[in-house]
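Below: one structure, written as structure tokens.
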Amino acid sequence: MLTIIYIGGTLRGAAPEEDHGSREVVFLDLFASPILVALQKQLDAAALTQRVIAHNVANVNTPGFKKSSVSFTEELRRALGEDVLPLVTSDPRHIGAPVPLARVEPTVVKEEGTTMGYNGNNVDIDQEMVNLAANTLTYQAAARALGDRLSLLTYVIRGR
């Protein structure tokens with residue numbers, strides 16, 4: 001009988017004793033790979049960006065309304081180690097330590113310092129439409145990449 005235990009992202013199991021004694025079998029958590037986590041985070045960020053853009057467009061004529069945007073790309077780059085000099089740290093709480101990918105979250109940032117019209121509103125509808133198109137492409141690309149990755153896992157698991 002095979003006993004399987006889930007330990008912090010890794011499945012461990014004990015295979016039945018054979019002629020050579022007992023052995024431990026380690027199963028990897030297939031869904032904890034950095035690529036899958038990054039794609040999931042990208043989809044979450046694109047969904048939040050869609051809601052923020054819709055909110056900005058809905059308030060294009062509201063006097064005094066200040067638009068918001070989503071900050072995510074730089075956090076993701078730092079978590080993936082792009083454009084960062086590698087520092088040796090022994091704890092994720094150390095200064096300069098990269099943020100673990102699982103803890104990267106998109107954040108909404110309100111832009112208070114600008115004004116577009118006489119009423120204090122700073123929403124540029126043309127810019128919002130450009131942002132909407134770019135976000136749609138980002139979402140579609142991430143969804144496609146995630147689907148391809150999961151199809152590959154399905155292929156590997158089924159063996160055909």
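As a basis for the values below, the full set of heavy atoms in this structure was taken, side chains included, without hydrogen atoms, waters or symmetry mates.
In plain terms, the two heavy atoms of N56 and S68 that are nearest each other are ND2-O, 2.8 Å.
In this structure, Y118 stands alone, with no Ile, Leu, Val, Met, Phe, Trp or Tyr side-chain heavy atom under 4.5 Å from its own, directly or through other members. Residues I53, V57, V60, F65, V123, I125, M129 make up the rest of the hydrophobic cluster containing L132, defined by ILVMFWY side-chain heavy atoms closer than 4.5 Å, directly or through other members.
Taking CD from Q140 and CG from N135, the interatomic distance works out to 10.0 Å, rounded to the nearest 0.5 Å. To the nearest 0.5 angstrom, E111 atom CD is 4.0 Å from S69 atom OG. The NZ atom of K110 sits 13.0 Å away from the NZ atom of K67 when rounded to the nearest 0.5 Å.
Counting heavy atoms from C-beta on, the side chains of Y139 and Q42 never come closer than 4.5 Å. Using a 4.5 Å cut-off on side-chain heavy atoms (C-beta onward), Q40 and L36 make no contact.
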Query raised in the report: Would K66 and N121 satisfy side chain to side chain contact (heavy atoms under 4.5 Å, CB included), going step by step from the backbone distance to the final call?
Result: CA-CA 6 Å; K66 299 299 181 185; N121 189 315; over 6 Å; no
Sequence neighbours left out, cut at 3.5 Å: what donor-acceptor pairs do the side chains of residues 99-107 make with other protein atoms?
from : atom 1 : to  : atom 2 : distance (Å)
E105 : OE2    : K41 : NZ     : 2.8

Side chains of residues 141-159: which donor-acceptor partners sit under 3.5 Å, not counting sequence neighbours?
from : atom 1 : to   : atom 2 : distance (Å)
S151 : OG     : G147 : O      : 2.9
T154 : OG1    : L150 : O      : 2.9

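Sorted by first then second residue, the salt bridge (charged side-chain N to carboxylate O under 4.0 Å, His left out) pairs that include residues 123-143, not counting sequence neighbours, number zero.
Qualifying side chain to side chain contact (heavy atoms under 4.5 Å, CB included) partners for T114, counting only residues two or more places apart in sequence or in other chains: N122.
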